[in-house]
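Just so it is clear, the model here is predicted, and its values are computed rather than measured.
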Amino acid sequence: EAEAPELVNLSKSAGVSLAKTGLQNHTAKVALCLDVSGSMSSLYSSGVVQRLAERVLALGLNFDDDGSIDVFTFGGSATYYGGMGLDNFRGFVTSMPLEGATDYSAACRLIREVYFGNSGQRVGTLTVPNPVYVMFVTDGDTSNRPAVEEQMRWSSAEPIFWEFMGVGGSTGGLSFLQSLDNLSGRMVDNAHYFNAANP
């Protein structure tokens, strides 16, 4: 309340949502993965992405083991920006450099490497102290669908869940993300999609 009063109501709402789903006593690493392709420009400049990041941080304050979230970006490549918490969340994503492509698989590989040390196929399942919950934000389709499907199949042996979020005025080009929820060849259902066109 003292450090970030503007997050109090968001954090309380996130806590209520976790309680409704029986997750109030669970912990997980929370990651925010942001599309920085050029088409996202207006969503950054208008503050939409920053507001969405603050909502994800509010979830992290309830759910994450250290009260912060890890931030990744992707365009043609992927970058890990480290943690966003109460001390640095204001304006954290407003100056992200934009790129000219959209490759989900680059982000999937980097996230798995950061948390699990490997982005390849696994023999058997992996166990870690805390699972990983990824909020993956994009406004358009990927340039490499087979590589993304491969990452979803391979990561299904790991304690990670991918929450894909479509943002922007039109998310009609994101049907591929919806298809990942029913992707065959996975050990578990490790992906979900929802339209967050107006976060």
With a 4.5 Å heavy-atom cut-off, do T73 and Y81 have their side chains touching? yes

Do T138 and L177 make a side-chain contact, defined as non-hydrogen atoms from C-beta onward lying under 4.5 Å apart? yes

Is it true that W162 and V128 fall in one hydrophobic cluster, defined by side-chain heavy atoms closer than 4.5 Å? yes

S45 side-chain N/O to S42 backbone N/O, donor-acceptor pair under 3.5 Å: yes

Closest heavy-atom pair, F92 versus Q50, reported as atoms and distance to 0.1 Å, is N-OE1, 3.3 Å

When every non-hydrogen atom of S119 is compared with those of Q151, the smallest separation belongs to O-NE2, 3.1 Å

Steps toward side chain to side chain contact (heavy atoms under 4.5 Å, CB included) verdict (V49, L34): CA-CA 8 Å; V49 179; L34 297 170; 3.8 Å; yes

For residues 34-49, which residue pairs pass the salt bridge (Lys or Arg N to Asp or Glu O under 4.0 Å) check, not counting sequence neighbours? none

Given V134 and F72, is the side chain to side chain contact (heavy atoms under 4.5 Å, CB included) satisfied, shown in steps? CA-CA 10 Å; V134 181; F72 299 80; over 6 Å; no

Heavy atoms only: give me the nearest S155-N190 pair and the separation to one decimal. OG-ND2, 3.2 Å

Under the side-chain hydrogen bond (donor to acceptor under 3.5 Å, both in side chains) criterion, do D70 and Y80 qualify, and how do the steps go? CA-CA 8 Å; D70 294 322; Y80 174 42; 3.3 Å; yes

Would you please classify the geometry between the F161 ring and the Y133 ring as parallel, tilted or perpendicular, with 30° and 60° separating the classes? parallel

I'd like to know if L43 and L98 are part of one continuous hydrophobic network [Ile/Leu/Val/Met/Phe/Trp/Tyr, side-chain heavy atoms within less than 4.5 Å]. yes

Of all heavy-atom pairs linking V93 and A53, the shortest is CG1-CB, 4.2 Å

Sequence neighbours left out, what passes side chain to side chain donor-acceptor pair (under 3.5 Å) with N144? Give chain and number order. none

Gap separating the CD atom of E149 from the CG atom of L183, nearest 0.5 angstrom: 5.5 Å

State which residues pass side-chain contact (heavy atoms from CB on, under 4.5 Å) with S39; sequence neighbours excluded, sorted by chain then number. S37, D139

For a 4.5 angstrom cut-off between non-hydrogen side-chain atoms, does V167 reach M40? yes

Atom CZ of F74 and atom CZ of R109: how far apart are they, to the nearest 0.5 Å? 12.5 Å

Identify the heavy atoms of R51 and S46 that sit nearest to each other, and give their distance. NH1-O, 3.5 Å

Heavy-atom side-chain contact between K29 and V114 under 4.5 Å: no

Would you say the side chain of I69 lies within less than 4.5 Å of the side chain of F89, judging by non-hydrogen atoms? no

Salt bridge (Lys or Arg N to Asp or Glu O under 4.0 Å): pairs with one or both residues in residues 156-168, sequence neighbours excluded: R112-E158, R122-E158

Supply the atom-to-atom distance L180 CG to S175 OG, rounded to the nearest 0.5 angstrom. 10.0 Å

Less than 4.5 Å apart, side chain to side chain, heavy atoms only: is that true for P159 and L126? yes

Taking every non-hydrogen atom, the tightest pair across Y115 and V30: OH-O, 4.4 Å

Enumerate the residue pairs fulfilling salt bridge (Lys or Arg N to Asp or Glu O under 4.0 Å) with a member in residues 182-196, sequence neighbours excluded, ordered by first and then second residue. R186-D189

Apply side chain to side chain contact (heavy atoms under 4.5 Å, CB included) to the pair T102 and D141, showing each step before the final yes or no. CA-CA 7 Å; T102 307; D141 203 348; over 6 Å; no

Can you tell if the side chain of L52 reaches within under 4.5 Å of the side chain of M165, non-hydrogen atoms only? yes

Pick from Y193, F136, F194, F176: which one makes a ring pair (Phe, Tyr, Trp, His ring centres under 6.0 Å) with F164? F136

Hits for side-chain contact (heavy atoms from CB on, under 4.5 Å) against Q121, two or more places apart or cross-chain, chain-then-number order -> W154

Side chain D103, main chain A78, donor-acceptor under 3.5 Å: no

